[in-house]
K.L.:
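Questions regarding the structure given below will be posed in turn.
First listed ligand is number 1; within each ligand, the first listed atom is number 1. All heavy atoms count here, side chains included; hydrogens, waters and symmetry mates do not. Model, not experiment: these values are computed from the prediction.
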Amino acid sequence: MSSGKIIVTFQKYLKFTLQKSKNIIQISSPIIKRNYHHGSSFWASVEMGPPDPVYGLTEAYRACKNPKKVNLSIGTYQDDNGKPYVLPCVRKAEKLLDSMRLNKDYCVPEGEEQYREKAQQIILGRDSPHIKNKLTAATQTVSRTGACRLAFDFIGLFYTGTKKLFVPKPTWGNHLQVARHAGLSFDYYRYYDYKTFGLDYKGLMEDVSRIPDQGIILFHGCAHNPTGVDPSRSQWEEMSDLVRKKRLLVLFDLAYQGFASGHFEVDSFAVRRFVEDGNNCMIVQSFCKNMGLYGDRPGGLIIITKKKEIAEKVQSQLRNLTIPMYLTPPIHGARIAQKILSDSGLRDEWKREFKLIADRIISIRRILRSKLIKEGSIRNWDHIVHQNGMFCFTGLTKSQVKKLQTEHSIYMSESGRISVGQLNTKNVDYVAHAIHLITRYIK
Ligand code: IK2
């Protein structure tokens with residue numbers, strides 16, 4: 001049979017005649033003849049899922065017709081005109097990559113070696129003995145969320161200690177969801193003091209000392225989400241001692257490296273200290289926030305081990321966990337991050353550009369506080385400037401948050417968390433005025 005004839009026969013063979021009668025679709029072909037009933041499917045019993053708190057707010061914001069509306073719900077950085085911001089160094093890196101005419105082949109399941117090396121260095125330091133002596137297993141992930149999932153799955157399969165995760169109260173909501181989906185049980189340790197708007201250090205230490213030996217503890221390495229409250233250096237040091245004595249497995253989420261102080265080294269103090277102290281650490285990282293590569297999803301999971309041979313085995317199991325999950329990670333964002341990190345000119349540019357972002361966040365915090373005072377508010381708003389990073393835990397109650405939304409079209413999560421990265425000199429007056437209106441009778 002000629003190739004033309006084969007194609008025609010094949011097309012005939014696949015031709016489906018769709019006949020609609022009542023609510024039945026009849027599909028006929030030489031090999032398929034079945035009736036499909038509308039409304040009776042395997043999924044008919046699926047209930048509508050609950051709306052996601054963060055994305056639900058963004059959708060409500062988009063649907064809102066008030067021209068003054070403000071969305072402070074999601075942790076992304078926007079410029080002073082309220083527009084998503086692409087760092088100039090990212091644009092440059094993209095241009096350079098484009099000129100290299102790279103192919104689009106798959107990378108290996110753990111991601112490119114150079115990316116993984118550079119990503120580890122930004123957290124552990126360029127001279128880290130753990131990197132130099134190959135004591136780390138490191139894999140590229142689908143950002144930090146993917147890294148959390150991989151970490152929890154790895155723990156579920158291989159951890160021989162007490163498989164219970166302790167998280168700060170409160171924590172990023174999705175930590176709990178990811179743990180749940182990975183089948184890892186969890187509990188809280190005290191973290192935030194709702195009276196002082198600061199750290200409940202005493203409560204934290206008491207609760208951590210009660211965690212079963214070899215349990216698992218999650219820390220936000222800096223710029224805690226949602227509270228913006230971090231331990232001091234000396235507190236981290238004491239925590240590291242306690243954790244080591246209890247032989248806890250530590251999972252560091254370094255979501256906002258750079259956002260607390262404007263300096264990447266300063267913000268990795270806690271992680272480096274815990275690692276140097278000999279703690280068993282796993283670290284999840286990404287460049288989504290600090291390079292503004294949100295949708296590109298370059299992330300990573302680092303597992304610190306005590307021996308090169310152990311690191312090699314852990315690395316092999318990470319690969320085996322990745323393959324059935326998504327095979328290989330996306331390459332585009334990782335290439336950008338790698339380019340910036342490995343080109344000294346671009347790296348310096350990134351640090352300078354990022355410092356401007358961190359400084360702008362600090363300055364908009366000050367502006368918000370001073371506008372509230374100017375409005376005549378007699379409440380203490382010092383925590384707005386004392387907390388750091390992308391978020392401020394305002395202390396607004398659920399009902400006040402609701403009022404802000406319904407009466408002023410200002411959207412924020414019901415915990416009272418605002419994303420400072422979405423405040424700007426154009427909307428801060430409106431926000432301060434509205435907050436004052438709904439809080440003015442409460443000290
Ligand atoms: N871990 C923490 C602590 C995070 O805050 C995030 C990002 N959250 O951003 C949404 C919000 O809270 O408004 C992640 C992990 C996940 O980050 P990634 O985007 O890198 O997966």
Side-chain angles (χ1 to χ4, degrees), residues 51-61 70-78 84 111 119 122-123 139-152 165 167-179 181-182 186 188 191-192 217-230 250-260 267-268 270-271 282-302 325-326 329-330 333-334 336-337 361 387-394 401 411-423:
D52 178 83
V54 176
Y55 291 101
L57 277 172
T58 300
E59 275 158 24
Y61 165 80
V70 183
N71 185 9
L72 302 176
S73 67
I74 198 150
T76 56
Y77 176 82
Q78 296 183 336
I122 197 80
I123 289 193
T139 194
Q140 188 197 325
T141 54
V142 183
S143 209
R144 225 172 355 238
T145 310
C148 284
R149 180 59 196 254
L150 191 59
F152 293 162
L165 174 72
V167 297
K169 188 166 188 171
T171 190
W172 178 55
N174 213 20
H175 280 147
L176 310 180
Q177 300 221 63
V178 180
H181 280 261
F186 59 84
Y188 295 97
Y191 189 83
Y192 185 71
I217 189 160
L218 184 146
F219 291 122
H220 297 224
C222 68
H224 180 273
N225 179 9
T227 67
V229 170
D230 291 332
V250 184
L251 182 72
F252 267 109
D253 183 334
L254 209 56
Y256 299 94
Q257 188 184 8
F259 278 91
D267 282 6
S268 56
V271 175
M282 299 170 97
I283 304 145
V284 298
Q285 67 173 146
S286 90
F287 297 101
C288 289
K289 308 275 179 181
N290 58 21
M291 284 191 187
L293 295 171
Y294 302 98
D296 279 322
R297 318 297 285 141
L301 168 65
I302 305 167
M325 225 191 276
Y326 51 81
I336 297 170
I361 287 182
Q387 297 171 357
N388 60 41
M390 184 79 95
F391 300 107
C392 170
F393 220 40
T394 57
V401 167
Y411 295 77
M412 63 177 72
S413 60
E414 63 175 21
S415 65
R417 182 196 84 165
I418 60 172
S419 169
V420 189
Q422 300 192 322
L423 268 181

K.L.:
Mind checking salt bridge (charged side-chain N to carboxylate O under 4.0 Å, His left out) for E59 and listing every partner two or more places apart, or none if nothing turns up?
P.N.:
none
K.L.:
Please tabulate, one line per pair, the protein nitrogen or oxygen atoms found under 3.5 angstrom from a nitrogen or oxygen of ligand 1, with distances to 0.1 Å, or say none if there are no such pairs.
P.N.:
unit_1	atom_1	unit_2	atom_2	d
ligand 1	1 (N)	D253	OD1	3.4
ligand 1	1 (N)	D253	OD2	2.6
ligand 1	5 (O)	N225	ND2	2.6
ligand 1	5 (O)	Y256	OH	2.7
ligand 1	8 (N)	W172	NE1	3.2
ligand 1	9 (O)	K289	NZ	3.0
ligand 1	12 (O)	W172	NE1	3.4
ligand 1	12 (O)	N225	ND2	3.1
ligand 1	12 (O)	R417	NH1	2.9
ligand 1	13 (O)	G75	N	2.8
ligand 1	13 (O)	R417	NH2	2.9
ligand 1	17 (O)	R144	NE	3.2
ligand 1	17 (O)	R144	NH2	2.8
ligand 1	19 (O)	R297	NH1	2.9
ligand 1	20 (O)	S143	OG	2.4
ligand 1	20 (O)	R144	N	3.2
ligand 1	20 (O)	R144	NE	3.4
ligand 1	20 (O)	R144	NH2	2.8
ligand 1	20 (O)	S286	OG	3.1
ligand 1	21 (O)	S143	OG	3.3
ligand 1	21 (O)	R144	N	3.4
ligand 1	21 (O)	T145	N	3.0
ligand 1	21 (O)	T145	OG1	2.6
ligand 1	21 (O)	R297	NH2	3.0

K.L.:
Using the ring pair (Phe, Tyr, Trp, His ring centres under 6.0 Å) criterion, which residues pair with F152? Sequence neighbours excluded.
P.N.:
none
K.L.:
Look only at the side chain of S143 and the backbone of P298, and say whether a donor-acceptor pair between them is shorter than 3.5 Å.
P.N.:
no
K.L.:
Locate the shortest heavy-atom distance separating K289 from G75; write the atom from each residue and the value.
P.N.:
NZ-O, 2.6 Å
K.L.:
Report the residues that fulfil salt bridge (charged side-chain N to carboxylate O under 4.0 Å, His left out) with R149, sequence neighbours left out, ordered by chain and then residue number.
P.N.:
D153
K.L.:
According to the interplanar angle, ranging from 0 to 90°, do the rings of Y411 and Y61 count as parallel (below 30°), tilted (30 to 60°) or perpendicular (above 60°)?
P.N.:
perpendicular
